[in-house]
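Read the structure below first, then the notes.
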Amino acid sequence: GQQLNQSPQSMFIQEGEDVSMNCTSSSIFNTWLWYKQDPGEGPVLLIALYKAGELTSNGRLTAQFGITRKDSFLNISASIPSDVGIYFCAGQASDYKLSFGAGTTVTVRA
Amino acid sequence: DVKVTQSSRYLVKRTGEKVFLECVQDMDHENMFWYRQDPGLGLRLIYFSYDVKMKEKGDIPEGYSVSREKKERFSLILESASTNQTSMYLCASSLLRGPASGANVLTFGAGSRLTVL
């Protein structure tokens with residue numbers, strides 16, 4: 001599968017900040033997924049998006065499925081220390097296979 | 001909740017050893033997957049299976065094989081481990097392959113961190 005372009009590669013958060021990350025692809029996807037991976041654990045699904053233009057929230061997290069079906073973004077509002085980890089986007093094409101981004105590593109600013 | 005269990009969380013093996021990584025899921029999912037995770041490279045698909053005794057190569061199958069004798073169990077095998085196979089290995093499963101919303105969403109295990117010396 002293709003690798004998606006996920007940015008930024010890493011970011012530092014300060015408690016209370018809003019942060020944003022996004023994924024782009026050269027191909028059209030039917031589904032966009034956002035996962036979070038805590039240190040030493042496997043990725044856990046945060047949000048699933050199934051329609052172009054869809055905007056979905058899960059607590060302080062909001063994600064959108066881009067209109068072109070080639071991009072998605074994830075926002076975290078009012079970040080807290082437990083938001084640290086690696087966030088992955090994944091896109092599902094018409095063959096039902098998932099392609100993953102390289103991940104955005106979120107750490108706390110000292 | 002779907003559980004995907006990887007029996008070995010941490011392994012240390014020597015070059016040339018045969019390594020088995022076991023994965024079991026308990027929710028009757030049709031599909032199972034093995035990924036490798038390396039810093040800066042994200043998740044790369046090694047092998048996957050859509051049915052018992054069925055397997056398909058992913059993006060990086062070289063040096064690996066798999067076995068799926070039962071629906072709930074998917075094993076990754078390194079016939080002769082090499083140092084460049086030091087990595088985090090993630091097993092995942094999904095309900096089925098098809099257009100239904102959520103059918104293809106992956107549930108991951110906690111990972112198996114393999115070090116080859």
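Quick note: numbers below take in every heavy atom, side chains included, and nothing from hydrogens, waters or symmetry partners. A quick note: this is a predicted structure, and the numbers were derived from the prediction, not measured.
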message = Which residues in residues 64-78 of chain B have any heavy atom closer than 4.5 Å to a heavy atom of chain A?
response = none
query = Side chain of A:Asn58, backbone of A:Leu46: donor and acceptor closer than 3.5 Å?
reply = yes
query = Under a single-linkage definition using a 4.5 Å side-chain heavy-atom cutoff for Ile, Leu, Val, Met, Phe, Trp and Tyr, are A:Ile80 and A:Val19 assigned to the same hydrophobic cluster?
reply = no
ask   = Which bit of B:Leu45 is near chain A, if near means a heavy-atom gap under 4.5 Å: side chain, backbone, both or neither?
value = neither
Heavy-atom pair count under 4.5 Å with chain B, highest-scoring of A:Gly103, A:Gly101, A:Ala102, A:Pro43 = A:Pro43
query = Is the number of heavy atoms from other residues, nucleotides or ligands under 6.0 Å of A:Gln9 CD greater than 12?
reply = no
Kindly list each side-chain donor-acceptor pair under 3.5 angstrom involving residues 109-117 of chain B, sequence neighbours excluded, with atom names and distances?
residue, atom, partner, partner atom, Å
B:Ser112, OG, B:Gln6, NE2, 3.1
B:Ser112, OG, B:Ser8, O, 2.5

note = salt bridge (Lys or Arg N to Asp or Glu O under 4.0 Å) filter on A:Asp18, not counting sequence neighbours, yields none
OH on A:Tyr87 to OH on A:Tyr35, rounded to 0.5 Å = 15.5 Å
inquiry  = Is B:Phe33 in contact with chain A via its backbone, its side chain, both, or neither, using a 4.5 Å heavy-atom distance?
reply    = neither
note = Contacts satisfying side-chain hydrogen bond (donor to acceptor under 3.5 Å, both in side chains) that involve residues 37-46 of chain A (not counting sequence neighbours) are A:Lys36-A:Asp38, A:Gln37-B:Gln37
